[in-house]
Amino acid sequence: MTYGVFSKFENSEDQVFIPSEEYKEFKFKNSSNTSSKLLNATHLIDEKEKLRYANMVRKTVDMLKESTVQKVVLSRVESFTKRSSDLEILEALLNEYPAANCYFFHHPKVGKWMGATPEILAVIKGENLQTMSLAGTAVFNPNQDHVWGEKEIEEQKLVTDFIVENLKAKGVSHIKKSLVQTAQAGTLVHLKTDINALIDPSRKEDYIEALHPTPAVCGLPRDAAQKFIKDNEGYDRSFYTGYLGIVEEREASYYVNLRCMQLLDDEAYLYVGGGITAKSDPILEYEETVQKLFTMKSLL
Ligand SMILES: C=C(O[C@@H]1C=C(C(=O)O)C=C[C@H]1O)C(=O)O
């Protein structure tokens, strides 16, 4: 059976499924002009929110320095007035981010979500599983390759090691890693390692459980980071940093729900976050969320 799946950050009981008969086909013509989007995101800075978020980062850094927790991914949500219809926003999203995994999900229990995620949780084809470790963020500069700092290199490696270890713990063999690369995602770049493995296709859900949520969106160790997020973030992430996918008999594609928004009648809630380690600078972490906010805000 073919179905779509949409899952929350926290627990899989709230997963929703859409049978394939309910899919709607959408034809669109790409009229992309992405380079025009290298605009300044500073107009999205909100001093009060900056103070609140930077304080939360500071508290997290203090905790990381004193404990065995290595990384926590913090996030926040901001609401904006919609100036276009949902389909106009979807068309803008598809035009703006042709290389991303763009989706629009509408379900009575979930409402409407839309996004352009750069992050694969797992693409399964027969006995092959493809996943990635994606972390570290900088603004894309077409004239210069980004030189990554120690903080980003370390936080991305934590994600890679977690993925490899958790797949191994599920008995997965032949795990192959690419070199660490800089990958562009719209106006941003991230550090990325592609990971491939040989799997038993009848155990798809088992692997997803082992991977989700990775330290790219949660932290390390996973349970301690997830508890810290729940106790300190101060809002419900809902489906943000959950995953969405299309599952078929021998193939399945699951993506991490990032660079996304929840659409209401007149408003859109935009969700953004970033990985915090003991080396994080609170103001830079806030600015990173502003850059990520811009990827969706520019479509509204
Ligand atoms: C959490 C987000 O992105 C994740 C966190 C990143 C980081 O900490 O640098 C980079 C890519 C994603 O894995 C987000 O976009 O909201």
Side-chain angles (χ1 to χ4, degrees), residues 8-9 41 44 53 56-57 60-61 64 70-78 93 97 100-103 113-122 131-140 146 148-160 162-163 180-195 211-220 222 225-226 229 233 235 237-244 254-262 269-282 284-299:
K8 285 193 174 179
F9 169 62
L44 291 174
Y53 192 76
M56 184 163 73
V57 174
T60 308
V61 169
L64 291 167
Q70 290 169 279
K71 176 178 176 179
V72 170
V73 179
L74 289 181
S75 70
R76 60 193 188 89
V77 60
E78 269 197 47
L93 179 104
Y97 303 116
N101 305 291
C102 300
Y103 78 91
W113 284 75
M114 201 183 283
T117 173
E119 190 161 334
I120 289 176
L121 182 62
T131 181
M132 63 168 64
S133 154
L134 193 81
T137 303
V139 175
F140 170 63
H146 185 70
W148 295 96
E150 211 180 309
K151 185 244 167 190
E152 287 81 19
I153 292 170
E154 281 172 12
E155 72 168 316
Q156 194 263 347
K157 187 171 181 306
L158 290 178
V159 182
T160 310
F162 169 94
I163 292 175
V180 183
Q181 314 144 42
T182 296
Q184 190 185 344
T187 55
L188 302 174
V189 284
H190 303 295
L191 280 171
K192 182 181 89 157
T193 303
D194 290 314
I195 300 164
L211 293 173
H212 174 75
T214 71
V217 294
C218 180
L220 203 77
R222 177 155 72 183
Q226 202 158 23
I229 290 167
E233 224 171 31
Y235 85 104
R237 285 190 184 189
S238 180
F239 289 88
Y240 162 67
T241 60
Y243 62 85
L244 56 127
Y254 303 87
Y255 302 94
V256 184
N257 193 20
L258 295 175
R259 313 297 140 82
C260 64
M261 56 190 156
Q262 190 177 4
Y269 289 132
L270 275 51
Y271 295 79
V272 285
I276 312 300
T277 71
K279 293 197 173 112
S280 285
D281 174 321
L284 292 182
E285 294 297 348
Y286 170 75
E287 285 172 1
E288 177 177 325
T289 64
V290 172
Q291 292 296 344
K292 287 174 175 167
L293 202 60
F294 184 65
T295 60
M296 288 294 113
K297 170 68 176 69
S298 59
L299 308 171

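Since we're looking at a predicted model, the values are computed, not measured. Just follow the structure's listing: the first ligand is 1, and inside any ligand the first atom is 1.
- Side chain of Tyr271 to backbone of Ser238: no donor-acceptor contact under 3.5 angstrom is found.
- In terms of the side chain to side chain contact (heavy atoms under 4.5 Å, CB included) criterion, residue partners of Val61 (sequence neighbours excluded) are, by chain and number, Val57, Lys65, Ile276, Ser280.
- When the shell of 6.0 Å around NZ of Lys151 is examined, it contains more than 12 heavy atoms from other residues, nucleotides or ligands.
- Using modelled atom types, one finds a donor on one side chain and an acceptor on the other under 3.5 Å when comparing Ser75 with Tyr235.
- Annotation: ligand 1 has protein neighbours Glu119, Leu134, Ala135, Gly136, Thr137, Glu155, His190, Ala216, Tyr240, Leu258, Arg259, Val272, Gly273, Gly274, Gly275, Glu288, Lys292, each with a heavy atom less than 4.0 angstrom from the ligand.
- Of the residues listed (Arg76, Met296, Arg259, Lys292), the one engaging Leu270 in a side-chain contact (heavy atoms from CB on, under 4.5 Å) is Met296, and it is the only one.
- Ser133 and Thr193 form no side-chain donor-acceptor contact under 3.5 Å, judged by distance and modelled atom types alone.
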